[in-house]
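Below you will find the structure I want to go over with you.
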Amino acid sequence: PQGFALASDGRWSFEASGPAYQALKAGETLALTVAFKVTDHAGAEGRSVLTLTLAGTNDAPVVAAASAAGFEDSLIAGELSASDVDAGAV
C-alpha cells in the first residue's frame with residue numbers, strides 16, 4: 001500500500017498521512033493487508049499477512065478568504081467556499 005516500507009531485516013514503517021488516506025471520515029476504518037514471505041538458509045519458506053487498520057479522523061476544513069465591495073443602496077453578493085479532505089464533510 002502507499003506509504004508502506006519494508007526493510008530486509010523485517011522492520012517496517014507506514015506513513016498514513018498521504019493523500020490516499022485523507023478521505024477517511026471520522027470513525028471510518030480501512031484495512032490494508034501486506035503479504036510477506038520469509039525464506040531460511042535451506043530455502044524453506046513461510047508466508048503470512050500483516051494487516052494495518054487505519055481509523056479516519058476529522059480533518060479541519062480549509063476555508064477560502066472572501067471580500068466584497070460595493071456602493072450604498074446596491075446589492076452586494078458573492079460566494080463563500082470551503083473544502084475538506086474528509087469525503088463529503090462540507
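Only heavy atoms go into these numbers, but all of them, side chains included; no hydrogens, no water, no symmetry mates.
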For G56 and L24 the tightest heavy-atom approach is CA-CB, 3.7 Å

Nearest heavy-atom approach of A23 to E28 is O-OE1, 4.1 Å

How would you list, by chain and number, every residue that makes a side chain to side chain donor-acceptor pair (under 3.5 Å) with S17, sequence neighbours excluded? E15

Walk me through whether V34 and V49 qualify under side-chain contact (heavy atoms from CB on, under 4.5 Å). CA-CA 6 Å; V34 179; V49 175; 6.0 Å; no

Within residues 51-74 or reaching into it, pairs that qualify as salt bridge (charged side-chain N to carboxylate O under 4.0 Å, His left out) - sequence neighbours excluded: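 For residues 51-74, and leaving out neighbouring residues, there are no salt bridge (charged side-chain N to carboxylate O under 4.0 Å, His left out) pairs at all.
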
With sequence neighbours excluded, what pairs up with E79 under the side chain to side chain donor-acceptor pair (under 3.5 Å) test? none

Among residues at least two apart in sequence or on other chains, which ones pass side chain to side chain contact (heavy atoms under 4.5 Å, CB included) with I76?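 Side chain to side chain contact (heavy atoms under 4.5 Å, CB included) check on I76 returns A68, S74.
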
Which residues pass the side chain to side chain contact (heavy atoms under 4.5 Å, CB included) test with S13, not counting sequence neighbours?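 If we apply the side chain to side chain contact (heavy atoms under 4.5 Å, CB included) test to S13, skipping adjacent residues, the hits are A5.
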
Sequence neighbours excluded, which residues qualify as side chain to side chain contact (heavy atoms under 4.5 Å, CB included) partners of T39? K37, E45

Least distance between heavy atoms, Q22 atom then A16 atom: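 Shortest heavy-atom separation between Q22 and A16 comes out as NE2-O, 3.6 Å.
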
Can you tell if the side chain of D40 reaches within under 4.5 Å of the side chain of V38, non-hydrogen atoms only? no

Which residue pairs satisfy the ring-ring contact (aromatic ring centres under 6.0 Å, His included) criterion with at least one member in residues 32-81, sequence neighbours excluded?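 For residues 32-81: none.
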
Just to verify, what does L52 make a side chain to side chain contact (heavy atoms under 4.5 Å, CB included) with, not counting sequence neighbours?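 For L52 the side chain to side chain contact (heavy atoms under 4.5 Å, CB included) partners, ignoring immediate neighbours, are F4, W12, F14, L32, L50.
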
For Q2, does its backbone N or O pair with a side-chain atom of Y21 as donor and acceptor, under 3.5 Å? yes

Give me the atom names and distance for the closest heavy-atom approach of A66 to L80.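 Shortest heavy-atom contact: CB-CD2, 3.7 Å.
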
Atom of T51, atom of A31 and distance for their closest heavy-atom approach: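 Nearest heavy atoms, T51 then A31: CG2-CB, 4.5 Å.
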
Salt bridge (Lys or Arg N to Asp or Glu O under 4.0 Å) filter on D9, not counting sequence neighbours, yields R11

